[in-house]
Protein chains: 2
Amino acid sequence: MAKNGDHENDGHMHGEVNKRGRTRRPTMVDVAREAGVALRTVSRVVNDDATVGSELAKRVHDAIAALDYRPDERARHLRLGVTGTLGAAVRQLSHVNPVLRAVERAARAADLMVLAASTEDDERLERRVVESMCRRRFDGIVLEPIGADHGYLLPELAAGLCLVAVDRPVLGLDVDCVISDNVAGIQAAYAHLAAHGHRRIAYVGDDERIFTAQERATAFRACAAEAGAALDGMVHTGPIEPARIVHALATALEGPDPATAIITGNATISVEVVRSFDDRRVAIVGFDDSELATLLRPDLTVVAQDDQAIGSTAIDLLRARIADHNRPVHRVTVPVELLARGSGEQPP
Amino acid sequence: MAKNGDHENDGHMHGEVNKRGRTRRPTMVDVAREAGVALRTVSRVVNDDATVGSELAKRVHDAIAALDYRPDERARHLRLGVTGTLGAAVRQLSHVNPVLRAVERAARAADLMVLAASTEDDERLERRVVESMCRRRFDGIVLEPIGADHGYLLPELAAGLCLVAVDRPVLGLDVDCVISDNVAGIQAAYAHLAAHGHRRIAYVGDDERIFTAQERATAFRACAAEAGAALDGMVHTGPIEPARIVHALATALEGPDPATAIITGNATISVEVVRSFDDRRVAIVGFDDSELATLLRPDLTVVAQDDQAIGSTAIDLLRARIADHNRPVHRVTVPVELLARGSGEQPP
DNA sequence: CCGGGGTGAGATAACGTTATCCCGAAAGGT
DNA sequence: ACCTTTCGGGATAACGTTATCTCACCCCGG
């Protein structure tokens, strides 16, 4: 019976004891021996192949239950070549990220498991995470790309990596991506404020080295130019720091011709703006919806992204590419929606 | 040269073409052939074993670069027995979850990869996720347990699963866990409000079927009893729905002897309370710190959990258990801290 | 001059699956 | 009665790694 040398702890526990003291999990061989059938038959039963007789199947099922057998996906995946797993490399797992939620949901519907990790807005960490997922041979990766240098992706893509970028494109690389219509969003915000009588509109945004921040700031400048509005002291972009926001607001709201309305570049900036500035004589339209939007008085008017659409489109693109590696690259732009809640409808 | 039958697309791309049209990734065998060495030598170089000559090592490195070889972790893990991977099954990936962030950070420091998935507060989904991680043979799992029936974990634990529960224990099972000191938190909140002159203190909490909600509500009742305060209309627990919160507040704040202070059971409830109730004559202490806390006027006084400690302790426990499966079970309680910011210091 | 350590590198066997091939037996037709 | 067909099920070879064993070789002391 005891095939291996060490016969300590043979008191009929399920798992035998390994050399390292860890209990060895039962394998298909053990199940086959227990059921008195061939290894292959156990495999057939596990993958419920119809060609196995009902009587043998029962014997195998009983053996599986008796031994608490659980298949080892590592071996399955190695043999099969595919893992049924998608990776999600996002900036911060533990922040509110409705797109990630939609990605999980859509993947689940397609019977794919999503395993996620944070890149913490760190290019080196992003690379570590993505390469790790590649070595694990995930079927595909959903990536919120950081920074400008994604050269490390080239060999992976050449080797067959299926990748879809969300929220921003992978600069310099021709890969599938799903992004919001930032330009239309800014245009909608600008037009909305203009329609409510505002002529002096300021913009407070994120660091323009970030793709979306750059796109939104550029769109804002174009809107102002088209409206024939001067930009002096009206555009403030840079890293998100309370002091900078305070200074930007002071610059925009003081002086001979102060702003009467503000557009913010993302949800975090909306928070900082609202936090650092109490009197509500100024109209505000925020980019990105958030839980906070309905906490304020008046509630915050926002340009909301269609997170659900972004997430499910990302999974669709990824599945299509997994099915056909050579299909043409798609870059999808998802419409945004302006939700008027009060803060954007205040008069000048 | 062309070993396999189909010689289409042999235009000297790195990966040969598989029967399914997908490019096959190069393996150690390919590297060995390219470098003109034995398979084992490539393995030695990849795991930078010192016993390989510098000249051969260079040859192998060149071959790896030429072929863009990337080791397949599935095979490594299968062979090695361990995966160097921890799973995190949390209620909602894409919510703010400082504990998860601390878990990732601590794991990274220990050279472990954390892959996370959401359980969406759904017991069946939790089971699917955890069992999937088990079949993938993750070295350990960090779990935010949901519900009361975790029987499905028993065979996994018997088979050697390393598990640590965070935020709440796994009811009925003797596994490692890290939880905040909910009782001390409620006591601190109660004492703080009492010290500021409050005698009528109300509690609005989550559904008591949730462990933490039950623990906090019970602690509150005990505090009130000790203070000799009546509980009529002062304790409101149940699912988080705006209508319920509104009703609870109305009940607590109206009548002949209204509450002058409120303790909330978690951050979401704090939000709902603040949202649904405008006049600030009532003192508030919230359980859980959050971004919103410093958005309000006055800022929200909170009982803050030590997320960093919870996360790193969880990883410590997990690593210790992985190192020694048979070590005794530890249940760690992490202290909480009351942060006075204004809302809890208002007089009755 | 030869035997004994060290040392670098190759053949080969796992790890736990699934897929290919093949065979034995039962069933059906002439 | 015998041949053919079908069908359930078993042996065996992958999948891409790492570990064990073996061996050839070189250097050095006896």
Side-chain angles (χ1 to χ4, degrees), chain A residues 3-5 15-16 18-20 22 24-60 64 67 69-84 134-137 159-160, chain B residues 3-5 15-16 18-20 22 24-33 35-60 63-64 67 69-84 134-137 159-160:
Chain A
K3 197 168 79 179
N4 52 355
E16 298 162 24
N18 209 354
K19 54 197 95 169
R20 297 238 329 265
R22 301 177 60 157
R24 193 179 69 88
R25 301 193 71 137
T27 77
M28 277 196 173
V29 186
D30 302 316
V31 175
R33 195 187 321 131
E34 173 88 8
V37 299
L39 172 60
R40 183 67 181 98
T41 303
V42 178
S43 172
R44 273 192 257 261
V45 171
V46 168
N47 299 20
D48 41 42
D49 186 326
T51 72
V52 62
S54 60
E55 179 196 355
L56 271 199
K58 178 170 168 13
R59 285 234 305 274
V60 171
I64 288 176
L67 265 53
Y69 166 74
R70 298 284 185 279
D72 186 329
E73 294 282 344
R74 294 173 298 189
R76 275 198 85 228
H77 295 334
L78 175 59
R79 182 61 234 246
L80 251 40
V82 298
T83 56
C134 287
R135 285 196 305 273
R136 286 175 163 76
R137 299 290 189 269
Chain B
K3 198 170 81 179
N4 52 353
E16 298 162 25
N18 210 353
K19 52 198 101 170
R20 297 237 329 263
R22 302 177 58 156
R24 193 178 70 87
R25 301 194 71 138
T27 76
M28 278 196 172
V29 185
D30 302 315
V31 175
R33 196 188 320 133
V37 300
L39 171 60
R40 182 71 181 95
T41 304
V42 179
S43 171
R44 272 191 262 259
V45 171
V46 169
N47 299 21
D48 43 40
D49 186 327
T51 72
V52 63
S54 60
E55 180 196 353
L56 271 199
K58 180 172 169 8
R59 283 234 307 273
V60 171
I64 288 177
L67 266 53
Y69 166 74
R70 299 284 185 281
D72 185 331
E73 295 282 345
R74 294 172 298 187
R76 273 198 86 227
H77 295 334
L78 175 60
R79 181 63 235 243
L80 251 40
V82 297
T83 56
C134 287
R135 285 196 306 269
R136 284 175 165 79
R137 299 294 190 266

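Below, read A as the first sequence line, B as the second, and so on, with proteins coming before strands; counting in each chain starts at 1. Everything numeric here is computed off the predicted structure, so don't read it as measured data.
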Can you list everything that forms a salt bridge (charged side-chain N to carboxylate O under 4.0 Å, His left out) with Arg137(B)? Sequence neighbours excluded, please. Asp72(A)
For Arg76(A), salt bridge (charged side-chain N to carboxylate O under 4.0 Å, His left out) partners two or more places apart: Glu73(A)
Non-hydrogen atoms of Gly36(B) and Arg59(B) that approach each other most closely: O-NH2, 3.5 Å
Gap between atoms CG and P, on Leu80(B) and dG16(D) respectively (whole Å): 17 Å
Per-nucleotide protein contact along nucleotides 6-12 of chain D, 5' to 3', at a 4.0 Å heavy-atom cut-off (B base, S sugar-phosphate only, - neither), is --SBBB-
To the nearest Å, give me how far apart CZ (Arg76(B)) and C1' (dG16(D)) are. 12 Å
Pro71(B) versus Val46(B), closest heavy-atom pair with distance: CG-CG1, 4.5 Å
Partner residues of Arg136(A) under the side chain to side chain donor-acceptor pair (under 3.5 Å) criterion, sequence neighbours left out: Ser132(A), Thr85(B)
Integer-rounded Å distance: dT18(C) C1' and Asp48(A) CG: 14 Å
With a non-hydrogen cut-off below 4.0 angstrom, is Ser43(A) in contact with a base, only sugar-phosphate, or nothing? base
Within this structure, what is the NE2-to-C1' distance between His77(B) and dT18(D), rounded to whole angstrom? 13 Å
Applying side chain to side chain donor-acceptor pair (under 3.5 Å), can you list everything that pairs with Thr27(A), at least two apart in sequence or on another chain? none
When the distance from CZ of Arg74(B) to P of dT18(C) is rounded to whole Å, what number comes out? 14 Å
Listed partners of Leu39(B) passing side chain to side chain contact (heavy atoms under 4.5 Å, CB included), at least two apart: Met28(B), Val29(B)
Divergence of helical axes at both termini of the helix from dC1(C)-dG30(D) to dT30(C)-dA1(D) - five pairs an end, 10° steps: 60°
Output all residues satisfying side chain to side chain donor-acceptor pair (under 3.5 Å) with Arg70(A), sequence neighbours left out; order by chain, then residue number. Glu156(B)
Which whole-number value in Å describes the distance from Ile64(A) CD1 to dG16(C) P? 16 Å
Rounded to whole angstrom units, what separation is found between the CG atom of Asp49(A) and the C1' atom of dA19(C)? 11 Å
Checking only heavy atoms, does the side chain of Arg79(B) share a donor-acceptor pair with the base of dT18(D) at less than 3.5 Å? yes
Who passes side chain to side chain donor-acceptor pair (under 3.5 Å) against Asp49(B), sequence neighbours left out? Thr51(B)
